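Since the structure comes first, as structure tokens, the remarks are kept for the end.
Every value quoted in this text rests on a predicted model; they were computed, and no experiment measured them. Below, chain A is the first sequence line, B the second, and so on; all start at residue 1.
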Amino acid sequence: MALRTGSRTMVLDGANARLRADRRQRQARDFLARSSTAAALPLPTVTGKAARTGLLKGATVKLANNGPLIRKLTWPLLRFKPILSVGKLVFVTRHEDVCELLARDEDFTVAEGNAATMDRVNGPFILGMDRSPQYLRERSILQRCIHEGDADRIRAFVAATAAELVERRQGSGRLDVVQDLARPAAVRLLASYFGVPGPDEPTMMRWMRTIFHETFLNVGGDPQVRRAGEASAAEFHAYADHLIGSRRSQIELGEPTPDDFLTRLVRLQRDPETRLSDEGVRRNLGGVVVGAVETTSKATAHAIDELLRRGDALRRAQRAASADDVDEVGRYAFEALRFNPINPVLSRHVARATVLAAGTRREHCIPPGRTVYAGVLPAMFDPSVFDRPGEFRVDRPATAYLHFGHGLHTCFGRYVNLVQVPELAAAVLRLKNLRRAPGAEGTIVYDGPFPDRLLVDFDTVEEGRA
Amino acid sequence: MSALERHDVQGFVVSGYGKMREARYLLLGVRDPREARRWIGELAGQVTASDRAEERRCVNVAFTCEGLATLGLDRAEISTFPPPFQEGMTAEHRQRILGDTGANHPEYWLWGRPVKSGEKPPPSQVHVLLLLFARDEDTMAEVEGVHTQSLAAGGALEVIRSLKPEPLPGRQSVGKFGVEHFGFADGMSQPVVKGSGQEDKLGGDDARRTVIEAGEFVLGYPNGYGKLTPWPRLTVPGRADESFGRNGTYLVVRHLAQDVAAFCRFLDNSTKGPNGESDQEQAEWLAAKLVGRWRSGAPLVRSHHRDDPDLGSDNSFGFAAVDPYGERCPLGAHIRRSNPRDSLGSDPYKALELANLHRLVRRGRVYGSELKNPLDGDDGHERGLLFMCVNANIERQFEFVQHTWCNNPKFAGLYDEQDPLLANQPEGGGSFTVQDAPIRERVGGLSSFVTVRGGAYFFLPGVRALRLLAALEGERARADGAARRVPKRETKAAP
Amino acid sequence: MRQSAFTILTHVKAEDVADLECLLTDIGDDIDENPHLRFADLDNLHYASLFVVADGTRDPYLVFEGTIDGRPHEFLDMLLERAPAAVDKIYRHCVDYPVAGAQDRGVVLDYLEAHDIGANTFYVAWPGWTVDDIRKEQELRDHIEKFIDDQKDADLRHQPPQTIRQRIADHVRGEPTTTWARTARSRPFLVKNGKTVLRLGLAPPAFGFLWVLKAAFSGASTRRRRFLARAILVSVLGFAGGAVRQLRKEETDDERRDRERAPDWQTTYARWTEEEELLGIVRREDVKVQNHMVSVTRIKDGRFRLLTLRLVLWVVNLIARLTANKGSLGGISSIHFARWVITPGDKSLIFMSNFDGSWESYLNDFIDLAARGLTAVWTNTDNAVGFPRTKWLVTEGARDEARFKAYARFSMVPTHTWYSAYPDLTVSNIDNNMRIRQDLFASLDPAATEAWLRRL
Ligand code: HEM
Ligand code: HEM
């Protein structure tokens with residue numbers, strides 16, 4: 001025929017060579033072969049190096065973790081130019097405007113920014129979807145996996161885990177808030193409450209960090225971060241498939257299964273209304289789990305760090321901890337986190353021409369295609385909502401905090417962390433004569449965007465608290 | 001930009017009439033031009049326009065070039081139509097563009113083939129395409145009855161062939177989309193016509209991907225270049241009308257037979273295990289790779305491990321960011337060829353803009369019964385897709401997609417393979433590359449799964465233009481013009 | 001070895017036009033097997049075409065254009081050695097052909113060379129890549145692909161990327177016919193350094209201008225010097241301003257004339273299906289992967305247009321030599337070779353191009369990717385359809401899709417004979433093959449290894 005080129009250079013024999021074994025099977029095989037050795041491997045340091053590849057990128061990462069500096073930089077905006085357009089970017093700093101922005105999810109969207117990476121690493125997930133029937137359906141299915149009483153169950157589990165983890169360090173007088181406490185505790189909660197233990201803790205921590213890094217924080221597209229993230233994602237997929245498969249067959253066979261998030265998700269598959277496809281279960285479970293570890297650890301580390309800067313507040317928080325008033329500890333923790341939140345800004349894409357803060361003096365027309373940054377940190381220093389914002393006060397209205405975002409995409413794990421972060425903080429605060437490790441060791445060390453170490457010293461006691 | 005004049009644009013442009021389960025496509029020949037024009041005048045009042053939400057029945061009508069000439073358009077007027085429409089789908093060089101060679105050659109077509117010199121009796125030329133839609137079978141019977149009667153009244157027109165698509169699946173079916181014979185959900189990806197009112201729901205990326213200038217699908221509006229695509233005019237003094245073509249467009253019809261048994265056999269053969277046993281999972285994987293979506297419609301870009309029916313209607317994806325090398329959705333997969341989205345070229349933004357200059361509004365329906373046990377072989381009944389698409393520029397849209405993307409062995413840097421579903425494969429079978437890391441895989445032995453059985457380019461005029469057609473003067477029409485194209489050189493204008 | 005272009009223009013005896021066209025069509029219809037001229041015997045020849053331009057407005061002439069490795073002199077000499085009869089048969093129809101001296105190679109060679117006008121602008125997708133390189137690299141790829149396809153047990157693809165590449169390299173090493181592939185091929189100087197050369201070239205005028213500016217306004221320079229510098233500035237600016245004014249005047253005049261054009265362009269274009277010549281062109285298109293396009297347009301009257309055209313062609317040529325020399329001309333990556341030639345007497349502009357894919361997609365590329373450059377060239381020319389309205393030499397123009405396509409179609413001349421040495425390869429195929437070969441034995445990091453494997 002006319003378009004054929006005539007020279008068929010490659011001759012394939014009629015009976016095709018058998019296609020390569022299914023990718024998934026192969027990955028599972030590779031993974032199983034590797035995971036036996038994985039436990040022995042030290043945590044990889046890929047990400048640390050990767051963050052240094054670009055000066056600018058490095059600076060951005062540093063800035064994002066430097067609450068005080070962001071405050072200084074955004075203060076003039078908050079005061080004089082609450083909505084600022086520069087080129088293709090718009091910065092929003094007032095609390096009211098930030099809330100409006102995050103609430104108007106159809107004008108200010110997330111898919112443009114998140115969907116591609118989400119797809120690449122995990123598969124479609126609510127965090128990368130805009131309001132749509134699919135979003136609403138999947139979010140509500142996830143919501144149905146949260147049962148009454150979960151908060152108490154989480155509280156009890158985290159308290160016990162934290163106590164055990166801290167207990168291990170009792171003898172040494174030194175605790176790494178990140179590696180000794182927050183990360184392992186979060187990973188154990190994944191096992192116990194979400195039902196995703198991972199092959200072993202170090203592997204799970206590695207997966208969660210590299211995947212999280214690639215999914216949310218690899219702004220400049222660093223190839224090393226990407227490779228590490230995608231490799232972990234492939235392993236995690238294979239693992240999750242296996243896990244879900246065996247849980248499903250357990251349920252089908254009527255065997256007893258732990259009452260965890262996974263079991264609930266799989267059980268919901270029975271009803272067409274709440275039925276996710278098998279792949280749907282995998283990507284939703286993956287999406288939820290990946291958001292859990294590094295966020296928790298960062299929140300805990302930043303909260304402790306900020307408290308350590310404020311002797312008075314620290315002492316009062318410690319008193320609350322010793323009195324087992326964890327709610328009060330929570331107020332301290334989240335107020336402390338205000339000074340260095342884990343997400344100082346959230347970004348949105350402008351889907352269509354629109355007006356922000358309409359009818360106010362700040363009214364601002366925004367053309368489509370722009371990227372808008374919702375300044376969560378400056379908004380939490382907006383004096384119209386946070387009276388005397390520079391002061392550390394625990395009597396602020398809980399609803400004003402924006403740690404977990406706002407609107408449609410409000411953090412799905414909020415109910416977990418309203419409990420978990422305070423419990424972890426309390427476990428640290430209970431330590432006797434809590435103080436930073438001396439010198440440089442006492443400041444947070446980051447691995448790229450993640451706190452990797454925060455060493456605190458304390459007085460050892462012969463008899464640990466029960 | 002002026003909003004779409006929906007009362008004048010035929011409804012088929014903006015809707016595939018998904019609620020109308022039944023459809024009949026009547027291919028008509030004009031027998032008495034004067035009577036035929038009278039019929040068109042009557043029909044103009046019944047034609048479904050884009051602004052009418054019909055509950056029970058829809059009627060649309062389109063014309064071939066021969067049809068318009070027979071109805072009385074002057075040679076000079078005919079020449080205001082673009083070359084592909086004038087020459088028709090079967091012009092020799094168009095056969096190469098469209099891949100209509102070998103078994104696809106027009107000489108084997110059931111309809112739409114050109115007259116061979118000396119052929120007796122000459123095949124009836126298709127002049128008019130009457131598209132009838134109805135909510136259910138009874139209504140269809142009634143609608144069809146009424147129309148076949150009125151078109152034949154006074155010896156105006158004759159039904160040459162009636163094409164009968166399968167009824168669309170009713171409510172009980174899984175998704176809202178139909179399933180074509182190879183077993184894939186079809187129809188999820190459609191451009192949204194700017195000004196049709198459907199674009200308001202979309203934001204951001206989706207809008208950029210799918211909202212297309214009205215002029216790409218309807219004449220008389222700015223096209224993708226911000227220009228007006230030239231449209232046909234009436235030029236004869238006395239009836240000259242500059243805006244005859246406004247709100248009209250072109251409808252491409254391809255009658256495509258699908259060899260379901262061959263398709264399934266190919267999948268099975270290519271994925272047999274070492275001991276010759278079938279491997280269902282592998283076969284499904286390969287099938288998805290050929291199409292670029294799983295059977296449910298879930299795009300491979302978004303779900304590359306296995307089918308995910310929850311993503312069945314998903315169309316929110318590009319290739320560049322997630323899958324630049326085709327390791328999820330192969331470079332040569334049907335949907336990547338027929339709409340490469342943002343993947344051709346180094347700048348995805350620009351690539352998307354350029355790809356969107358070649359979009360089609362697809363309006364196909366499936367015909368023929370389902371083949372029950374495809375691995376047992378064919379049952380001797382023909383089945384396939386009555387592929388139809390709407391576009392304002394046949395060369396830049398339909399023919400470009402078919403030639404530069406689907407049929408092009410060099411598409412996206414490939415060397416020697418064509419659209420795995422559509423291609424007219426060479427002797428010995430075609431091949432298909434599945435990109436993968438660390439190295440690609442290649443499948444051979446693809447046969448031609450689709451054969452062209454008929455087709456034509458039609459003009460789908462605006463409602464007002466129908467009235468103009470009906471009002472053409474009787475004297476100008478050639479009563480004997482049926483089945484004969486107006487000789488070419490008679491009106492050659494002296495420069 | 002650098003490719004070069006020859007374009008031999010000779011007048012055809014009026015009474016012989018039909019015979020010559022007939023002969024050329026004969027050759028063209030069976031380019032590989034015809035009894036007259038076997039292009040495949042001519043090593044070093046990438047592309048060649050022969051066509052007669054006879055549009056009634058001027059004396060008919062024959063164009064013989066070719067793209068070759070090396071210099072035209074050697075090539076034409078070889079042509080005369082290997083196919084003297086064919087040359088004679090063709091050129092016998094031409095005015096001034098030394099019939100008497102036809103037995104003498106030297107005389108005919110002189111004749112051909114005397115009529116060779118080269119090209120004003122010559123674009124080469126891959127400078128330095130010879131016919132031989134291109135063919136051999138394709139063989140190498142075929143060889144590797146076959147090796148991969150032959151790995152039936154699927155063992156290969158379970159190996160890590162490095163191992164796969166190693167095995168491929170080992171396989172190639174074991175094949176005696178591909179020893180040449182072991183040495184990497186380096187790219188020509190200008191391909192690697194064109195940008196630098198361009199910068200170096202632009203530096204002196206830029207510095208000169210700065211110097212003049214400084215001299216004109218700095219208090220430090222002497223009065224005399226200041227006066228001189230200002231005079232230079234004023235004249236340069238004045239000249240530029242004058243040129244721009246003249247340009248706009250020409251453009252508005254064109255616009256006015258275009259409004260009065262009778263018949264209007266749409267009517268002219270509507271005659272499309274009656275133009276046997278055009279139909280003939282279209283009927284010969286899309287037979288292979290590549291196509292050939294010859295366009296002849298009349299240069300608009302007046303020195304200004306001619307000067308502008310020459311300037312633009314010179315600039316485009318410079319860009320083609322220095323920066324657009326890596327498989328893409330202004331973003332269009334489907335052109336193998338293209339050239340613009342102003343005919344002797346400055347009456348017409350001929351454009352000749354060897355490209356991948358259909359004419360429709362080629363023109364879309366023009367409009368979508370390189371409209372400005374093409375407008376700057378063709379806006380200086382005219383034909384029955386007329387070039388679309390242009391502003392400031394580069395804007396609008398070709399962006400008027402429908403009219404630009406009509407203009408281009410109507411400007412086309414049938415190529416009676418057209419030869420391509422590798423009709424099945426696209427520019428991007430050649431690029432890919434080239435890179436496969438280049439890195440086959442190189443030492444690559446893991447990312448580069450993966451990228452290399454993706455090329456297969
Ligand atoms: C168990 C731990 C966690 C889980 C499972 C989790 C899960 C999620 C999920 C699924 C979303 C997306 C919601 C949607 O798009 O509808 C989300 C959003 C968010 N999460 Fe979490 N999260 C966790 C911990 C945290 C922590 C500790 C913080 C900060 C203190 C946090 C801050 C946020 C924020 C700010 C958003 C909103 C992002 C946006 O609007 O762009 N999350 N989280
Ligand atoms: C019997 C023949 C054919 C079959 C079985 C077939 C099947 C399919 C399927 C299953 C899809 C995916 C569903 C969707 O995205 O909506 C699709 C999409 C598409 N097909 Fe076909 N098709 C056929 C013929 C054609 C022809 C002849 C053309 C035009 C030249 C064409 C152009 C398209 C386009 C433009 C899309 C949408 C791609 C996108 O926007 O992502 N198809 N086809």
Side-chain angles (χ1 to χ4, degrees), chain B residues 76-83 86-87 91-94 96-97 223-230 233 235 274 325-327 345-347 350 353-354 357-358 393 395-396 399-400 403-405 408-410 412-416 431 435-442 444 488-489 491-493 495, chain C residues 141 145 148-149 153-154 156-161 163-165 262-263 266-274 279 282-287 289 331 333 356-358 360-361 363-365 367-369 384 399-403 405-406 409 424-426 428-429 431-432 449-451 453-456:
Chain B
E77 290 167 334
I78 290 289
S79 67
T80 61
F81 283 88
Q86 286 185 56
E87 292 188 315
E92 193 200 321
H93 62 103
R94 300 219 124 72
R96 287 197 298 269
I97 293 253
N223 62 21
Y225 290 105
K227 300 271 180 199
L228 300 176
T229 305
R233 299 166 283 171
T235 56
Y325 310 115
E327 286 160 11
S346 51
D347 173 2
K350 178 95 182 158
E353 242 168 55
L354 298 187
L357 292 165
H358 311 280
N393 186 332
E395 282 166 303
R396 174 157 58 77
E399 289 187 346
F400 184 96
H403 180 259
T404 302
W405 288 348
N408 184 357
K410 306 295 186 179
L414 294 168
Y415 282 70
D416 202 11
S431 67
Q435 287 79 25
D436 200 354
I439 194 160
R440 96 287 185 290
E441 202 160 312
R442 183 142 33 200
K488 267 186 181 166
R489 293 197 163 265
T491 55
K492 176 153 180 160
Chain C
R141 175 185 181 270
E145 296 291 329
I148 300 170
D149 287 331
D153 53 4
L156 187 69
R157 56 185 115 258
H158 290 291
Q159 305 300 324
T163 314
I164 300 180
R165 197 170 82 99
Q266 297 204 19
T267 311
T268 307
Y269 184 58
R271 294 205 316 269
W272 195 94
T273 44
E274 292 156 18
L279 286 173
V282 171
R283 286 191 192 118
R284 281 163 159 262
E285 275 173 1
D286 302 314
V287 177
V289 167
S333 51
D356 301 324
S358 70
E360 174 75 18
S361 78
L363 265 282
N364 286 331
D365 280 353
I367 297 162
D368 299 338
L369 301 168
R399 292 293 293 177
D400 185 346
E401 181 216 358
R403 183 159 184 186
K405 283 179 181 168
R409 254 308 175 213
D424 298 332
L425 291 181
T426 60
S428 67
N429 286 161
D431 174 32
N432 194 50
T449 307
E450 283 168 25
L453 288 174
R454 267 188 223 114
R455 301 197 168 278
L456 300 175

(request) Sort out for me which of N432(C), T268(C), L425(C) touches chain B most, counting heavy-atom pairs under 4.5 Å. (result) N432(C)

(message) Out of Y325(B), F81(B), F400(B), return the one with the most heavy atom pairs under 4.5 angstrom to chain C.
(response) Y325(B)

(message) Give me the atom names and distance for the closest heavy-atom approach of L369(C) to K350(B).
(response) CD2-CE, 4.2 Å

(request) Heavy-atom distances under 4.5 Å only: say whether R233(B) touches chain C with side chain, backbone, both or neither. (result) side chain

(request) Inspect the contact between E395(B) and K405(C) and indicate whether a charged nitrogen and a carboxylate oxygen are less than 4.0 angstrom apart. (result) no

(request) Using non-hydrogen atoms and a 4.5 Å limit, figure out which bit of R403(C) sits close to chain B: side chain, backbone, both or neither. (result) neither

(request) Could you tell me which portion of T229(B) (side chain, backbone, both or neither) has an atom closer than 4.5 angstrom to a non-hydrogen atom of chain C? (result) neither

(message) Can you tell me which portion of Q266(C) sits under 4.5 Å from chain B's heavy atoms? Options are side chain, backbone, both or neither.
(response) both

(message) Show the nearest heavy-atom pair for residues R96(B) and V282(C), with the distance to one decimal.
(response) NH2-O, 3.8 Å

(message) Distance alone, cut at 3.5 Å: any donor-acceptor contact between the side chains of Y415(B) and D424(C)?
(response) no

(message) Are the side chains of E401(C) and L357(B) in contact, using a 4.5 Å heavy-atom criterion?
(response) no

(message) Below 4.5 Å, heavy-atom pairs only: which of R165(C), Q159(C), E285(C) has the largest tally toward chain B?
(response) E285(C)

(message) Between L453(C), D368(C), I367(C), T426(C), who has the most heavy-atom pairs with chain B when the cutoff is under 4.5 Å?
(response) D368(C)

(message) Contact between E399(B) and E360(C) at the side-chain level, heavy atoms closer than 4.5 Å - yes or no?
(response) no

(message) Rounded to the nearest 0.5 Å, what separates atom CD in Q435(B) from atom CG in L456(C)?
(response) 11.5 Å

(message) Among S333(C), P161(C), S361(C), A402(C), which residue has the highest count of heavy-atom pairs closer than 4.5 Å to chain B?
(response) S361(C)

(message) If I measure from the heavy atoms of chain B, does I164(C) come under 4.5 Å with its side chain, its backbone, both, or neither?
(response) side chain

(message) Do K410(B) and D356(C) make a side-chain contact, defined as non-hydrogen atoms from C-beta onward lying under 4.5 Å apart?
(response) no

(message) If you compare all heavy atoms of A270(C) against all heavy atoms of Q86(B), which two are closest, and at what distance to 0.1 Å?
(response) O-NE2, 4.3 Å

(message) Looking at chain C, which one of P83(B), G345(B), G413(B) has the largest number of heavy-atom pairs inside 4.5 Å, strictly under?
(response) P83(B)

(request) Find out whether H93(B) and D286(C) are in side-chain contact, i.e. whether some heavy atom of one side chain is under 4.5 Å from a heavy atom of the other. (result) no

(message) So, taking the atom named CZ in R440(B) and the one named CZ in R454(C), what distance separates them when rounded to the nearest 0.5 Å?
(response) 14.5 Å

(message) When you compare the side chain of L279(C) with that of E87(B), does any pair of heavy atoms fall below 4.5 Å?
(response) yes

